[in-house]
Amino acid sequence: MNKRRPLIAGNWKMNKTTAEARDFAIRFQEQVADITDVDMLICAPFTALSALKEELEESIIHIGAQNMHYETKGAFTGEISAEMLLDLACTYVIIGHSERRDYFKEDDELIAKKVKAALDNGLTPILCVGENLALRESGRALAFVRGQVEKNLMELTPAELAKVVIAYEPIWAIGTGKTASAEDAQEMCSGIRSTLAGIAGSVADEIRILYGGSVKSGNIASMMAQPDIDGALVGGASLDVEEFVKLVQNAR
Ligand code: PEP
């Protein structure tokens with residue numbers, strides 16, 4: 001039986017001022033206060049984390065960041081460390097989002113270091129993996145994603161691996177309105193789980209795997225019905241309070 005606790009994570013990307021973040025947090029919290037069977041998380045821009053800490057630290061809603069540096073401190077202009085995120089009540093951090101891989105040229109070696117640093121500091125990394133359209137159309141999507149999982153997580157012990165969350169996000173489905181079919185998403189997530197089993201054996205059954213890519217309140221239920229999908233990483237639909245509340249409700 002699947003004992004993995006569902007996780008619905010919002011990724012606000014580069015959206016929301018402090019005031020907008022605070023307003024969202026207050027209204028969201030009011031509407032999901034009675035939901036205890038799904039973990040809820042908001043991954044906000046660094047500049048909004050302090051407001052979220054003030055509004056949500058005592059609530060059931062988790063706070064996360066969208067990136068971090070692997071070093072703890074030092075001469076890394078413009079960067080943020082795990083320690084700084086912990087100070088802002090973060091418990092999760094997204095690592096290796098496709099936008100960071102593509103626009104900021106983050107490679108697998110760097111992403112592996114960030115995952116390890118997050119774990120070493122007590123943050124839960126949400127490792128994003130996923131293929132682009134060319135890989136999907138050429139039939140090499142699963143082989144590519146398996147490779148990402150191996151390169152990004154190979155150095156971890158099984159105990160460390162058990163704490164990681166994976167988000168399978170086909171790049172062609174992010175922000176495009178195109179969603180993978182629930183069957184295709186399940187096939188990929190099942191392939192990811194068997195890759196994890198190859199690295200860490202039975203621990204793979206404990207690892208939460210999320211689907212991400214144009215998830216909305218209207219399509220979340222079909223994703224959650226899949227045996228290897230334990231939640232969602234949600235971009236656009238996490239920006240509107242009413243829609244995100246509905247999405248969480250429909251995920252249950
Ligand atoms: C994301 O940014 O991780 C994402 C899945 O975005 P969207 O839901 O907008 O496709």
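All values below were derived from every heavy atom in this structure, side-chain atoms included, with hydrogens, water molecules and symmetry-related copies excluded. In this chain, residues are counted from 1 in sequence order. One-based numbering, in listed order, for ligands and for the atoms of each.
Using a 4.0 Å cut-off between charged side-chain N and carboxylate O, E155 and K116 make no salt bridge. A salt bridge is defined here as a Lys NZ or Arg NE, NH1 or NH2 lying under 4.0 Å from an Asp or Glu carboxylate O, and R140 with E131 fails to meet this definition. Between R101 and D108, at least one side-chain N (NZ, or NE/NH1/NH2) sits under 4.0 Å from a carboxylate O, which counts as a salt bridge.
Remark: ligand 1 and V234 share no N or O pair separated by less than 3.5 Å (distance only, no angle test). Taking distance alone, with nitrogen or oxygen atoms compared against 3.5 Å, H97 approaches ligand 1 more closely than that limit. For ligand 1, the polar-atom distance check finds no N/O of E99 at less than 3.5 Å from any of the ligand's N/O atoms.
Taking 4.0 Å as the cut-off, A173 counts as a neighbour of ligand 1 on heavy-atom distance. For A237, the heavy-atom gap to ligand 1 stays at 4.0 angstrom or more.
Using bins of under 30°, 30° to 60° and over 60° for the plane-to-plane angle, the ring pair F28/F244 lands in the parallel bin.
When all heavy atoms are compared, the tightest approach of P170 to G212 is CD-O, 3.3 Å. Here the closest heavy-atom approach between residue A44 and residue L52 is recorded as CB-CD1, 3.6 Å.
The nearest protein atom to atom 9 (O) of ligand 1, hydrogens excluded, is given as G236 N, 2.9 Å; this is a heavy-atom distance. For atom 3 (O) of ligand 1, the closest non-hydrogen atom on the protein side is E169 OE2, 2.7 Å. The single protein non-hydrogen atom nearest to atom 8 (O) of ligand 1 is G235 N, 2.8 Å, given as residue, atom name and distance.
Both tests hold for R100 against F104: distance to the six-membered ring centre under 6.0 Å, angle to the ring axis within 45°.
Here is the list of ligand 1 atoms found below 4.0 Å of a heavy atom in G213: 5 (C), 10 (O). Atoms of ligand 1 found under 4.0 Å from any heavy atom of N11, numbered from 1 in the order shown, are 1 (C), 2 (O), 3 (O). Near L233, meaning under 4.0 Å from any of its heavy atoms, are these atoms of ligand 1: 3 (O), 5 (C). Atoms of ligand 1 lying under 4.0 Å from at least one heavy atom of G175, given by number and element, are 7 (P), 9 (O), 10 (O).
In this structure a side-chain-to-backbone donor-acceptor pair under 3.5 Å is present from N250 to S217.
At a 4.0 Å heavy-atom cut-off, ligand 1 touches I174 through backbone and side chain alike.
Just one residue in the list T124, D230, D39 forms a side chain to side chain donor-acceptor pair (under 3.5 Å) with R208, and that residue is D39.
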